[in-house]
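Have a look at the structure below before the remarks.
What you see is a predicted model, and the numbers here were worked out from it, not measured in a lab.
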Amino acid sequence: MKLKELESCLQQVDTFEEPKILLEQYPTSPHIAACMLYTIHNTFGDIDGKLVADLGCGCGVLSLGAAMLDAGLCVGFDIDSDALDIFRRNAEEFEIPSLDLIQCDLCCLNAEVYANRFDTVIMNPPFGTKHNQGMDMKFLRAALTMAETAVYSLHKTSTREHIQKKAKDWGVKMEVIAELRYDLPASYKFHKKKSVNL
Amino acid sequence: MKLLTHNMLTSHVKGVTKGYPLLIKATEVKVNQLDFNPQFVSRMIPKLEWGALVQAAEDLGYRQDLPGELIADYEQNEEFLKKVHRVLLEVEVMEGCLKCPESGREFPITKGIPNMLLNEDDA
Ligand SMILES: C[S@@+](CC[C@H](N)C(=O)[O-])C[C@H]1O[C@@H](n2cnc3c(N)ncnc32)[C@H](O)[C@@H]1O
């Protein structure tokens with residue numbers, strides 16, 4: 001599938017009907033989602049035939065894209081049943097069977113039980129606001145535990161230094177893959193070093 | 001909920017030490033056809049809790065003749081991989097619930113989505 005094709009498919013994905021601000025429900029734009037997934041697929045080979053998790057999957061634009069790029073299975077995690085309902089309808093409309101969903105709170109998830117069960121984690125996590133500071137880092141921590149190979153995540157440029165420091169503390173290698181224009185979040189890759197015990 | 005997903009799910013009810021595997025009580029099960037990818041299935045097998053998978057398949061009536069113990073050299077065995085593919089990825093629980101083996105707490109499955117959220121008392 002070509003990048004253009006992927007993007008135009010993702011343009012047809014329905015998004016939040018009544019976004020919940022507390023849950024930071026804004027969708028990844030089809031353009032960013034397509035570019036991000038295409039790079040993960042083409043440059044790093046981390047989607048095709050892989051078990052992928054999408055943390056805070058919302059209405060599923062990242063998961064659907066991953067499934068279109070032939071992920072073995074993509075499992076979406078989200079706390080909100082309205083978002084998951086839209087996700088489910090999207091999956092039905094696109095007739096994509098290689099998706100599965102779990103409703104859960106990623107803040108109190110014991111990620112250890114999923115340790116290394118997934119090949120790849122993709123996500124556009126909540127950045128964390130006044131009410132839920134550090135959400136992005138909680139998601140990242142969980143993602144790094146769950147993924148065996150790599151985590152791909154969107155973050156605000158302003159948090160880069162903080163993330164860099166954390167990545168070092170956690171013993172993972174971080175790479176900035178793309179800086180997205182218009183003050184949109186930058187995309188990062190976290191590569192797990194095999195020898196490191198996370 | 002597919003059985004590959006079920007194979008990873010655990011109950012986190014407070015005080016529970018072994019919330020695995022969750023017992024499936026299904027009222028509606030569907031089989032959704034999905035392209036067979038032998039490499040993917042082979043790669044998933046060593047990460048599975050094999051016993052939990054076979055039990056889940058059995059409970060849903062889709063065990064076929066899958067053995068209780070994982071066989072050797074399954075990578076070469078296409079027939080076996082196809083059966084595993086079917087139970088891992090094609091059989092889906094649409095309605096029912098998952099029951100924590102220790103606390104008995106039930107997690108509903110609605111329209112194929114298990115709800116693992118806990119209320120404040122058991123979190
Ligand atoms: C920025 S949106 C991204 C949505 C979607 N992944 C996308 O790219 O379009 C963040 C998502 O995280 C979910 N979320 C927020 N807090 C959560 C929590 N504690 N546990 C699980 N999901 C949560 C929200 O419901 C929302 O769908």
Side-chain angles (χ1 to χ4, degrees), chain A residues 23 45 47-54 57 60 63 67-68 70-92 95-120 142 145-149, chain B residues 1-14 16-22 30-49 52 81 84-86 88-94 98 107-120 122-123:
Chain A
L23 293 176
I47 292 189
D48 193 346
K50 304 291 178 188
L51 182 58
V52 180
D54 177 0
C57 59
S63 293
M68 289 170 195
D70 294 324
L73 179 71
C74 182
V75 182
F77 295 73
D78 206 288
I79 194 169
D80 182 46
S81 50
D82 293 330
L84 290 170
D85 214 43
I86 301 173
F87 187 133
R88 187 182 50 76
R89 292 200 312 255
N90 278 324
E92 275 171 17
E95 296 181 20
I96 297 180
S98 50
L99 293 168
D100 216 4
L101 293 173
I102 300 174
Q103 185 177 6
C104 70
D105 184 348
L106 289 163
C107 281
C108 33
L109 178 89
N110 174 6
E112 284 309 321
V113 303
Y114 297 97
N116 297 322
R117 287 295 292 261
F118 292 90
D119 297 303
T120 309
T145 306
M146 293 162 78
E148 186 169 30
T149 313
Chain B
M1 182 197 66
K2 296 180 194 282
L3 296 188
L4 175 53
T5 305
H6 169 260
N7 205 259
M8 301 189 270
L9 285 177
T10 306
S11 142
H12 298 293
V13 176
K14 197 165 68 187
V16 166
T17 52
K18 200 171 178 307
Y20 187 91
L22 296 166
K30 209 168 74 179
V31 179
N32 255 331
Q33 221 246 300
L34 202 138
D35 291 341
F36 174 53
N37 178 342
Q39 288 84 15
F40 179 64
V41 177
S42 292
R43 268 196 330 105
M44 290 301 114
I45 289 177
K47 294 190 180 191
L48 294 170
E49 292 289 339
L81 292 178
V84 179
H85 165 79
R86 189 171 166 86
L88 274 186
L89 297 162
E90 297 195 323
V91 173
E92 286 193 44
V93 181
M94 300 308 293
L98 295 169
F107 301 90
I109 303 173
T110 324
K111 295 184 179 156
I113 307 175
N115 178 351
M116 303 307 292
L117 294 176
L118 296 167
N119 42 38
E120 275 165 26
D122 31 43

Note, B:L89 side chain near B:F40 side chain (heavy atom, < 4.5 Å)
yes
Partners passing side chain to side chain donor-acceptor pair (under 3.5 Å) against B:N37 (at least two apart in sequence or in another chain)
none
Using non-hydrogen atoms only, which part of B:I113 is less than 4.5 Å away from chain A: side chain, backbone, both, or neither?
both
Exam field: side chain B:K30 to backbone B:E92, donor-acceptor pair closer than 3.5 Å:
no
Taking side chain as C-beta onward, heavy atoms only, is B:V93 less than 4.5 Å from B:H6?
no
Measuring only between side-chain heavy atoms, which start at C-beta, is B:M116 closer than 4.5 Å to B:L22?
yes
Side chain from CB out, backbone as N, CA, C, O: work out which of these in A:R88 comes under 4.5 Å of a heavy atom of chain B, or both, or neither.
side chain
Taking every non-hydrogen pair under 4.5 Å, which of B:Q39, B:M44, B:E90 racks up the most with chain A?
B:M44
Option that, when pairs with chain A are counted at under 4.5 Å, heavy atom only, ranks first among B:L88, B:N32, B:T5, B:T110:
B:T5
By the salt bridge (charged side-chain N to carboxylate O under 4.0 Å, His left out) test, which pairs, at least two apart or in different chains, include something from residues 32-43 of chain B?
A:D119-B:R43
Does any N or O in the side chain of B:N7 come within less than 3.5 Å of the main-chain N or O of B:E49, such that one atom is a donor and the other an acceptor?
yes
Which atoms of A:L99 are under 4.5 Å from chain B, going by heavy atoms: the side chain, the backbone, both sets, or neither?
backbone
Among A:L73, A:V75, A:D85, A:D70, which has the most heavy-atom pairs under 4.5 Å with chain B?
A:L73
Heavy-atom distances under 4.5 Å only: say whether B:L48 touches chain A with side chain, backbone, both or neither.
both
Quick check on A:F77 against chain B: is it the side chain, the backbone, both or neither that has a heavy atom closer than 4.5 Å?
neither
Honestly, the part of A:I79 sitting under 4.5 Å from a heavy atom of chain B is both
